[in-house]
Amino acid sequence: MRQWLGAGAAPANMKREAPAGPMCAPHLAIDDFLPAIEAQRLRKDVDAHFADPHKHQADRHQIWNYWHVPQLYTYLRTAPEKVIDRESLVRFHETLTGWARRTLGLAHVTWPYLSLYVDGCVQGLHNDSTNGRFGYVYSLTFDDRRSRGGETIVLREGDLFRTNLANAAAGRGLYDLIAPNFNRLAIFDDRMPHGVQRVEGSMDPAECRIVLHGHIGEGGAFATGPVPAAIVSTAVKAAVAETLAGTDGADNLHGPLTVRLDIAPSGETRDACILVDRLVRPDGACVRTFADGLMERIGALRFDAGEGVTEATVPIIFGGSLTRD
């Protein structure tokens, strides 16, 4: 009987959240993302789809798109509801959306693709700068599979040429690898060059890389409590404009900065923190001064008094909008 590695160690109602503090790193991996029973349901539907191939009827034919772009992509993908029960997919998407709202302050999560990588499948390096703020990859790949490869490649940040002028660097010295462990969620800055290591060793789909993947982006400000999200967003945008006016090189900022603030019944901002700080400048200059100055202004914001505490989350985006289907 196949081992459900990565999905049985924790109680079904427990998940590992992202570390406390702002998300500043270019990528993050969270193990045991779904309750074990939910992860197993998703995988069992995939296994049922491929089971007993000699008995397959027309309803299992012409499901997979073989996507081959020379020197870039070679793998199979499909709409996941053609293989996996839609209710299970909806629960996955809702769980991921809730996590993205809580952890990243980003409320838009695309419906996933389901992709399969058998022997020879690969993704060359590319980026998705206009598709999302973060890419997500949720793995249904068995930990004890009879194949190799399939890790997500994310290039290291910075100038890899100039930072290694006097160093012999190769492999993991130039990029990070995120293994497709079962029930692992990986996210990465969509602007980072990334790809997938070539899969080798098996043509059996049950033994290869199987993942749900898509993009996470901003869906506007949101709030709970008496102060409307639109009011908080307007105030935060004014604070952004004031901070930009006193920041050198502010017109070159690029990326997401998401903030969360608690507003006391008196209208005072009681607490403000950064959830995601992926601001960069093309010239590599430090942008820390901008974020620090902005948080001082946000911490000083005042709103009309109301009954109860308001918790508001506002994504602040620099450098252009996303492509939305």
Side-chain angles (χ1 to χ4, degrees), residues 18 22-30 65 67-77 96 100 103-106 108-115 117 121-139 149-164 169-180 184-199 209 211-219 251-258 276-285 287 315-325:
M23 170 70 178
C24 300
H27 57 78
L28 173 70
I30 302 172
N65 166 224
W67 200 38
H68 175 68
V69 180
Q71 301 180 20
L72 191 56
Y73 303 124
T74 301
Y75 62 97
L76 298 104
R77 62 181 185 173
L96 179 56
T103 309
L104 306 176
L106 300 173
H108 181 77
V109 176
T110 65
W111 187 253
Y113 279 105
L114 176 66
S115 289
Y117 294 68
C121 288
V122 66
Q123 266 198 43
L125 290 174
H126 65 287
N127 72 24
D128 289 295
S129 294
T130 61
N131 293 335
R133 303 304 171 189
F134 292 92
Y136 72 83
V137 178
Y138 175 72
S139 180
E151 297 88 354
T152 299
I153 308 165
V154 184
L155 252 58
R156 295 284 179 89
E157 283 190 295
D159 187 334
L160 294 178
F161 168 63
R162 288 176 175 79
T163 56
N164 290 290
R172 298 296 291 269
L174 300 173
Y175 54 76
D176 293 322
L177 294 179
I178 306 172
R184 167 177 282 178
L185 174 71
I187 68 165
F188 49 86
D189 188 324
D190 258 330
R191 298 168 298 175
M192 298 295 298
H194 60 275
V196 175
Q197 292 270 69
R198 182 181 297 275
V199 171
R209 183 185 198 257
V211 296
L212 293 165
H213 59 101
H215 302 282
I216 300 171
E218 64 274 15
D251 55 337
N252 286 324
L253 291 173
H254 194 283
L257 179 77
T258 64
V276 169
D277 183 357
R278 290 294 300 158
L279 286 184
V280 297
R281 280 177 48 176
D283 59 7
V287 298
I316 306 161
I317 307 297
F318 298 88
S321 58
L322 298 174
T323 300
R324 290 273 170 83
D325 295 333

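Being a predicted model, the structure only gives us computed values, none of them experimental.
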**Q** Judged by modelled atom types alone, do H68 and T74 share a side-chain donor-acceptor pair under 3.5 Å?
**A**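 Result is yes, a qualifying pair exists.
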**Q** Quick one: does S115's side chain get under 4.5 Å of H213's, heavy atoms only?
**A** yes
**Q** Taking all atoms of both residues into account, what is the closest heavy-atom pair of T110 and G214, and its distance?
**A** OG1-CA, 3.5 Å
**Q** Hey, are the side chains of R184 and V137 touching, using non-hydrogen atoms and a 4.5 Å cut-off?
**A** no
**Q** Between atom NE2 of H126 and atom CG of D190, what is the distance when rounded to the nearest 0.5 Å?
**A** 8.0 Å
**Q** Got a donor-acceptor contact below 3.5 angstrom from the D128 side chain to the N131 backbone?
**A**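 Flag not set: sc D128 to bb N131 has no pair under 3.5 Å.
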**Q** For H194 and D189, which I'm curious about, is there any donor-acceptor pair between the side chains at under 3.5 Å?
**A**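 No, D189 and H194 have no side-chain donor paired with an acceptor closer than 3.5 Å.
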**Q** Would you mind reporting whether P180 and E151 have side-chain heavy atoms less than 4.5 Å apart?
**A**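 Yes. Closest side-chain heavy atoms under 4.5 Å.
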**Q** Taking the side chain as C-beta and beyond, is there a heavy-atom pair between V280 and V287 under 4.5 Å?
**A**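 Answer no - side chains too far apart.
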**Q** So, for Y136 and V109, which heavy atoms are closest and what is the spacing to 0.1 Å?
**A**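 For Y136 and V109, the tightest heavy-atom pair comes out as CE2-CG1, 3.7 Å.
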**Q** If you measure from OG1 on T103 to CG on L96, what distance do you get to the nearest 0.5 Å?
**A**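 It is 10.0 Å, given to the nearest 0.5 Å.
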**Q** For N127, enumerate each residue passing the side-chain contact (heavy atoms from CB on, under 4.5 Å) test, keeping only those at least two apart in sequence or located in another chain.
**A** S129
**Q** Could you check whether the rings of Y75 and Y117 sit parallel, tilted or perpendicular, using 30° and 60° as the cut-offs?
**A**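 Plane angle under 30°, so parallel.
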**Q** Please check if atom OH in Y73 has more than 12 non-hydrogen atoms from other residues, nucleotides or ligands closer than 6.0 Å.
**A** yes
**Q** Who passes side-chain contact (heavy atoms from CB on, under 4.5 Å) against T258, sequence neighbours left out?
**A** L106, L275, V276, P315
**Q** I'd like a table of donor-acceptor pairs (distance under 3.5 Å, sequence neighbours excluded) in which one partner is a side-chain atom from residues 170-177, with atom names and distances.
**A**
| residue | atom | partner | partner atom | Å |
| --- | --- | --- | --- | --- |
| D176 | OD1 | R156 | NE | 2.7 |
| D176 | OD1 | R156 | NH2 | 3.2 |
| D176 | OD2 | H27 | NE2 | 2.8 |

**Q** CZ of R191 to OG1 of T130: how many Å apart, nearest 0.5 Å?
**A** 12.5 Å
**Q** Would you please indicate if the ring centroids of F318 and H254 are separated by under 6.0 Å?
**A** no
**Q** Using side-chain heavy atoms (C-beta onward) and a distance below 4.5 Å, is V122 in contact with V196?
**A**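 The answer is no; the side chains never approach within 4.5 Å.
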**Q** Could you report the tightest heavy-atom contact between E157 and P26, atom names first, then the distance?
**A** OE1-CD, 3.6 Å
**Q** Which pair of heavy atoms, one from V211 and one from S139, lies closest together, and at what distance?
**A** CG1-CA, 4.0 Å
**Q** Could you check L104 against F134 for side-chain contact (heavy atoms from CB on, under 4.5 Å), going step by step and ending with a plain yes or no?
**A** CA-CA 10 Å; L104 306 176; F134 292 92; 4.1 Å; yes
**Q** Would you give the length of the straight line joining atom CH2 of W67 to atom CD of Q123, rounded to the nearest 0.5 angstrom?
**A**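 Rounded to the nearest 0.5 Å, the CH2-CD separation comes out at 7.5 Å.
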**Q** Backbone N or O of C24 within a donor-acceptor pair of the R278 side chain at under 3.5 Å?
**A**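 Flag set: sc R278 to bb C24 pair under 3.5 Å.
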**Q** Going from CG on L322 to NE2 on H108, what distance comes out if it is rounded to the nearest 0.5 angstrom?
**A**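 L322 CG to H108 NE2: 8.0 Å, rounded to 0.5 Å.
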**Q** To the nearest 0.5 Å, what is the distance between CZ on F188 and CG on L155?
**A** 12.5 Å
**Q** Check T163 against D159 and note the closest heavy-atom contact, atom names and distance.
**A**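 Heavy atoms only, the tightest pair is OG1-O, 2.7 Å.
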**Q** Is the closest side-chain heavy-atom distance between I153 and Q197 below 4.5 Å?
**A**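 Contact flag for I153/Q197 side chains = yes.
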